[in-house]
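Chain A is the first sequence line, chain B the second, and so forth, proteins listed ahead of strands; every chain is numbered from 1. Keep in mind that the numbers below use all heavy atoms, side chains included, and drop hydrogens, waters and symmetry copies.
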Amino acid sequence: MNIEKKISEKTIEALQSLYSAIVEKVSLEKTNPDFVGDITLVVFNFLKISKKKPEETATEIGNYLKSNIDEVVDFNVVKGFLNIVIDDSFWLNYFKSINGKPFIDLTRAGLPTNAPTVMVEYSSPNTNKPLHLGHVRNNLLGYSVSEILKAAGNNVIKTNLVNDRGIHICKSMLAWKKWGGGETPESSGLKGDHLVGKYYVEFDKQFKVQSSKLKAEGVSDEEAEKKAPIMLEIQDMLRKWEAGDKETRALWEMMNGWVYKGFDATYKMLGVSFDKTYYESNTYLLGKNIIDDGLAKGVLKRRADNSIYIDLTADGLDEKTLLRADGTSVYITQDLGTAVQRFEEYKFDKLVYTVGNEQDYHFKVLFLILKKLGYKWSDGLYHLSYGMVELPEGKMKSREGTVVDADELMQEMINTAAATTKELGKAEGLSETEAETLYRTIGLGALKYFMLKIDPKKKMLFNPAESIDFNGNTAPFIQFNYVRIQALLRKAKEDYFKDNLEILDASTDIPSASLLPKEKQLIIQLYGFNSTLNQAANEYSPAVIANYVYDLAKEFSQYYHDTPIFKEEKKDLILFRLQLSKTIGIAIKSSMQLLGIEVPERM
RNA sequence: GGUUCCGUAGUUCAACUGGAUAGAAUGGCAGAUUCCGGUUCUGCAGGUUGGAGGUUCGAAUCCUCUCGGGAUCACCA
């Protein structure tokens, strides 16, 4: 029952019949609200074929459509725009077909057996400090895109690649060992990731003291940074780690354990999860084996000093080294290896990397190398590149202490939600746990929506004051409209249909004549759910969903305001309006689910 | 410097991928609401889409130049 498809097919037919021309496809759009009609066909493209004026061409096509499609009851022409009017009964029938039904299925059981497999990597934190605002955007994006891809019919595997080793991890280890005095999360009361982060900062502080001392003694800047005693110590520590030194490994495992426990709490609060977690300590040696293969194929080359590189200058990029002269691998080598390993493991159709746009160049190079190495599946690789998060005072800088901590931020949002709710007296009658859940739903919803409504590709400005706002284009506004619908349904249950709520799912017949313009508009918006979902999936953009659901909630809000339901005299109209409201509620809840945002029953 | 991304109401964002008079929110101003929940609704003001050319029926969108801002350009991760 896809009306656009029908119209475009018939338009192609019309062009053939009227002008004996073959056209592959035509594009339709929603009619601009200022004009009469539901769907608009732009005919400018067909003027070459028709050899007639725009108005004339549009009228001829309009006549053909009107007499060949039952649902097309009228049309009008403005310049080259053919505005098509669809019969109200079509929209009513459509509504009946979806009334009370779910809009999405996020379970694996709902997938066809040949569903494409899509791996989505996101989060990918370092284990030397807690998560901050930038990670929050990453996590929310990755999770939401995963849900969107699932709903769009893909078999999605969410993965996390934890950067758990390397020189930066050794920094917090060494600092803790030297100055920690045996402090633990238990003894300090600090969350594990925050405790480790504290020592990462401590290392940096001590390092500065040492290197500036050397500089004062006349050592050059570069030398001073290399020769600072603790810098030499962590390099030694890294060597020990790589050699499998027992004591170093034990320290590493203990501190990473603290961090994981802390991350788990943060992930849980954020509401994100993973199907598979990779650790770089297991994967950092991957990739070397494909080097030989690349050399044999002549794709990779060896320099005089024995280092291996690939020449990408013909593609507008640079030469990229893949193995150092001493045979050790660099970062991208590992990425090559893990990509190959993942393909062998999952035979994915697509692999989506959720990584900030400062790594655009890296992924361009990575994908190109894989392609040159002959991996056909490299066409399915996609860098979900998102913009940086900036604060009103500029970029976040850890040195200046302007980093917004994820845990603190979430707690602030929850506190504000609690304060506002209490102030309005909306928490009355709720148990303590119910109230806590509500505050979390509202506070985190506001945060998530604030970050997801912006096009991922664009950098975003995070204004804490505005993010916590509950008016306008925000999650609480959308949640509020969902709650209103539930209040309506409760009233219906208590006063009107007396526990006979099944009647809401039964089909009603109201005459098309009594369909209000706003109701028709709302049904058309519901009709747009699927194409919105597909667009969001194709563009990997939760923002598309966010805009959709806000629009829907806003339109409903106006409808709710202008159309008293229970005052209506005709009972079949009351029932229809309740059904419409209920289904809009389902659409709102589904959309919010795609964004990883919950909706409360009361607020 | 090379490559690359971005620039839209005071502010934060949209604009169905080249379509009609560039839309929301927020802030400002003016109103409404005996009602199913006021975290509501309505109206007004606010724009040379950074600037200049070009492409065509039609440009915020594509091309060239220019101004301003970000990112990136390791045998770092």
Side-chain angles (χ1 to χ4, degrees), chain A residues 27-35 40 42 44-45 47 53-54 78-81 83 126 163 165-169 280 284 303 305-309 316-318 320-335 356-362 364-365 385 387-388 390 392 395 417 420-421 423-424 426 442 450 453-455 457-463 466-467 469-474 476-477 479-481 483-485 487-492 495-496 528 531-532 535 539 543-544 546-547 550-551 554 557-558 560-567 574 577-578 581 602-603:
Chain A
S27 63
L28 299 166
E29 47 200 84
K30 221 193 264 174
T31 301
N32 187 312
D34 296 340
F35 298 88
T40 293
V42 184
F44 286 110
N45 299 326
L47 300 186
K53 286 179 187 160
V78 182
K79 292 186 279 183
F81 298 90
N83 300 319
N126 292 345
N163 189 337
R165 65 160 288 280
I167 200 91
H168 50 293
I169 308 298
E280 287 198 6
Y284 79 107
R303 293 197 187 92
D305 66 359
N306 238 8
S307 61
I308 311 287
Y309 74 103
L317 304 171
D318 304 311
K320 184 75 193 172
T321 299
L322 298 181
L323 281 187
R324 298 188 185 99
D326 65 4
T328 56
S329 60
V330 296
Y331 186 71
I332 201 164
T333 319
Q334 170 190 327
D335 266 1
N357 65 8
E358 74 271 18
Q359 294 201 38
D360 283 355
Y361 181 79
H362 171 78
K364 213 188 254 181
V365 171
S385 164
M388 296 289 98
E390 291 174 13
K395 292 207 275 182
T420 310
T421 305
E423 194 183 309
L424 292 165
K426 302 292 184 186
I442 299 173
F450 189 82
K453 74 177 174 187
I454 296 164
D455 184 342
K457 292 192 289 289
K458 299 191 176 170
K459 69 171 193 284
M460 70 165 290
L461 185 76
F462 186 85
N463 186 330
E466 280 176 25
S467 69
D469 205 339
F470 290 0
N471 295 313
N473 190 356
T474 65
F477 172 81
Q479 289 169 327
F480 176 65
N481 279 290
V483 165
R484 273 171 155 177
I485 291 170
L488 280 179
L489 298 177
R490 275 198 298 275
K491 185 178 169 69
D495 299 354
Y496 264 80
S531 65
T532 303
Q535 192 197 340
E539 296 176 12
V544 171
N547 286 334
Y550 170 64
D551 238 22
K554 193 177 60 172
S557 189
Q558 290 161 0
Y560 175 92
H561 188 263
D562 298 339
T563 319
I565 291 179
F566 293 112
K567 281 185 173 174
I574 298 179
R577 287 174 186 172
L578 286 171
S581 302
R602 299 163 193 266
M603 69 191 282

For this session: Indicate whether OP1 or OP2 belonging to B:rU40 is found under 4.0 Å from a side-chain N or O atom of A:Asn471.
Result: yes

Problem set entry | Sugar-phosphate only, base, or nothing, as touched by A:Lys554 at under 4.0 Å among non-hydrogen atoms | sugar-phosphate

For this session: Scan A:Asn163 against the nucleic acid and name what it touches under 4.0 Å (heavy atoms): base, sugar-phosphate only, or nothing.
Result: sugar-phosphate

Problem set entry | Spacing of the C1' atoms in B:rC57 and B:rU64 (rounded, Å) | 23 Å

For this session: Kindly say whether A:Gly528 contributes a backbone atom to a donor-acceptor pair with the side chain of A:Ser531 at under 3.5 angstrom?
Result: yes

Problem set entry | C1' gap between B:rC35 and B:rC29, integer Å | 27 Å

For this session: Carefully, step by step, assess A:Leu322 and A:Tyr309 under the rule side-chain contact (heavy atoms from CB on, under 4.5 Å).
Result: CA-CA 5 Å; A:Leu322 298 181; A:Tyr309 74 103; over 6 Å; no

Exercise. Which part of the nucleic acid, if any, lies within contact of A:Val544, taking any heavy atom under 4.0 Å across all strands shown: a base, the sugar-phosphate backbone alone, or nothing?
Worked result: nothing

For this session: Could you check which of B:rA20, B:rC75, B:rU11 has an atom nearest any side-chain atom of A:Val330?
Result: B:rC75

For this session: Have a look at A:Leu424 and say if it touches a base, only the backbone sugar-phosphate, or nothing, with a 4.0 Å heavy-atom cut-off.
Result: base

Exercise. Can you tell which of B:rA14, B:rC36, B:rU40 lies closest to the side chain of A:Ile565?
Worked result: B:rC36

Problem set entry | Sugar-phosphate, base or nothing in reach of A:Tyr331, heavy atoms under 4.0 Å | base

Seminar exercise, completed: To the nearest angstrom, the CG-P distance between A:Asp318 and B:rG2 comes to 14 Å

Problem set entry | Contact nearer the 5' end of RNA chain B, comparing A:Leu47 with A:Arg602 | A:Arg602

For this session: With syn defined as a glycosidic angle within 90° of 0 and anti as everything else, classify B:rU64.
Result: anti

Exercise. Counting any heavy atom closer than 4.0 Å, what does A:Asn126 reach on the DNA or RNA strands: base, sugar-phosphate only, or nothing?
Worked result: nothing

Exercise. Which whole number of Å gives the distance between the P atom of B:rC63 and that of B:rU3?
Worked result: 15 Å

Exercise. Should A:Asn547 and A:Tyr550 count as side-chain neighbours, where that means a heavy-atom distance under 4.5 Å?
Worked result: no

Problem set entry | Distance, C1' atom - from B:rA9 to B:rG50, rounded to whole angstrom | 15 Å

For this session: Can you tell me, in whole Å, how much space there is between the P of B:rC44 and that of B:rG23?
Result: 13 Å

For this session: Decide side-chain contact (heavy atoms from CB on, under 4.5 Å) for A:Ile308 and A:Thr321; before the verdict, give the C-alpha distance in whole Å, the side-chain angles of both, and the deciding distance to 0.1 Å.
Result: CA-CA 6 Å; A:Ile308 311 287; A:Thr321 299; over 6 Å; no

Exercise. When the C1' atoms of B:rG28 and B:rU72 are considered, how many whole Å apart are they?
Worked result: 42 Å

Exercise. Looking at B:rC35, B:rC13, B:rA20, which one has an atom nearest to any side-chain atom of A:Lys79?
Worked result: B:rA20

Problem set entry | Nucleotide of B:rU12, B:rU40, B:rA20 approaching A:Glu466 most closely (side-chain heavy atoms) | B:rU12

For this session: Name the closest nucleotide to the A:Tyr550 side chain, picking from B:rC36, B:rU11, B:rA25.
Result: B:rA25

Exercise. Any side-chain N or O of A:Lys453 less than 4.0 Å from the OP1 or OP2 oxygen of B:rU12?
Worked result: no

Exercise. Rounded to whole angstroms, how far apart are CZ on A:Phe450 and P on B:rU39?
Worked result: 22 Å

Problem set entry | Aromatic ring proximity A:Phe462/A:Phe450, centre distance under 6.0 Å | yes

Exercise. Do any side-chain nitrogens or oxygens of A:Thr328 fall under 4.0 Å of OP1 or OP2 in B:rC75?
Worked result: no

Exercise. So what does A:Ser307 touch, heavy atoms closer than 4.0 Å: a base, only the sugar-phosphate, or nothing?
Worked result: base

For this session: Choose from B:rC35, B:rU40, B:rC13 the nucleotide whose nearest atom is closest to any side-chain atom of A:Leu461.
Result: B:rC13

Exercise. Do A:Thr40 and A:Thr31 have side-chain N/O donor and acceptor atoms under 3.5 Å apart?
Worked result: yes

Exercise. Is there a donor-acceptor contact under 3.5 Å linking the side chains of A:Ser581 and A:Arg484?
Worked result: no

For this session: Pick base, sugar-phosphate or nothing for A:Tyr309, based on heavy-atom distances below 4.0 Å to the nucleic acid.
Result: nothing

Problem set entry | Between B:rG18 and B:rU56 - C1' atom distance, rounded Å | 10 Å

For this session: Looking at every strand, decide which applies to A:Asn83 at a 4.0 Å heavy-atom threshold: base, sugar-phosphate, or nothing.
Result: base

Exercise. Going by distance alone, is a donor N or O of one side chain under 3.5 Å from an acceptor N or O of the other, for A:Asp318 and A:Tyr361?
Worked result: yes

Exercise. Can a donor-acceptor pair under 3.5 Å be found between the side-chain atoms of A:Thr321 and the base atoms of B:rC75?
Worked result: no

Exercise. Under a 3.5 Å cutoff on both atom distances, Watson-Crick or G-U, what's the dot-bracket for RNA chain B ([ ] crossing, | other strand)?
Worked result: (((((((..((((.....[...)))).(((((.......))))).....(((((..]....))))))))))))....

Problem set entry | Separation between the P atoms of B:rA52 and B:rU4, rounded to whole Å | 25 Å

Problem set entry | Chi angles and distances behind the side-chain contact (heavy atoms from CB on, under 4.5 Å) call for A:His362, A:Asp335 | CA-CA 10 Å; A:His362 171 78; A:Asp335 266 1; 2.8 Å; yes

For this session: Remember a base hit wins even if backbone is also touched, and classify A:Ser531 as base, sugar-phosphate or nothing at under 4.0 Å, heavy atoms.
Result: nothing

For this session: Could you give me the CA-CA distance, side-chain angles and deciding distance for A:Met460 and A:Glu390, then say whether side-chain contact (heavy atoms from CB on, under 4.5 Å) is met?
Result: CA-CA 6 Å; A:Met460 70 165 290; A:Glu390 291 174 13; over 6 Å; no

For this session: Just call it for A:Ile454: base, sugar-phosphate, or nothing, with non-hydrogen atoms closer than 4.0 Å on any strand.
Result: sugar-phosphate

For this session: For A:Thr563 and for A:Phe35, find the nucleotide of RNA chain B with the closest heavy atom, then tell me which residue's nucleotide is more 5'.
Result: A:Phe35

Exercise. When we call it a touch if two heavy atoms are under 4.0 Å apart, what does A:Met603 touch: a base, just sugar-phosphate, or nothing?
Worked result: base

For this session: Check whether more than 12 heavy atoms from other residues, nucleotides or ligands sit under 6.0 Å from atom CZ of A:Arg490, and answer yes or no.
Result: yes

For this session: For A:Thr333, report the nucleic acid contact type (base, sugar-phosphate, nothing); a contact means any heavy atom under 4.0 Å.
Result: nothing

For this session: Can you tell me the distance, in whole Å, between the NE2 atom of A:His362 and the C1' atom of B:rU3?
Result: 17 Å

Exercise. Under 4.0 angstrom, heavy atoms only, what part of the nucleic acid is A:Asp360 near: base, sugar-phosphate, or nothing?
Worked result: nothing

Seminar exercise, completed: Rounded to the nearest 0.5 Å, the CG atom of A:Asn126 sits from the NE2 atom of A:His168 at a distance of 4.0 Å

Problem set entry | Residue A:Asp455, side-chain heavy atoms: nucleotide from B:rA14, B:rU21, B:rC41 that is nearest | B:rA14

For this session: Kindly determine whether A:Phe480 and A:Phe470 satisfy ring-ring contact (aromatic ring centres under 6.0 Å, His included), including the steps that lead there.
Result: CA-CA 10 Å; A:Phe480 176 65; A:Phe470 290 0; over 10 Å; no

Write out a two-atom table: protein N or O, nucleotide N or O from nucleotides 17-19 of chain B, distance below 3.5 Å.
unit_1	atom_1	unit_2	atom_2	d
B:rU17	N3	A:Glu539	OE2	3.3
B:rU17	O4	A:Glu539	OE1	3.1
B:rU17	O4	A:Glu539	OE2	2.1
B:rG19	O6	A:Asn45	OD1	3.4

For this session: Kindly say whether, by distance alone, the side chain of A:Thr474 makes a donor-acceptor pair under 3.5 Å with the base of B:rA25?
Result: no

Problem set entry | Pair of N/O donor and acceptor under 3.5 Å linking B:rC13 base with A:Asn547 side chain | no

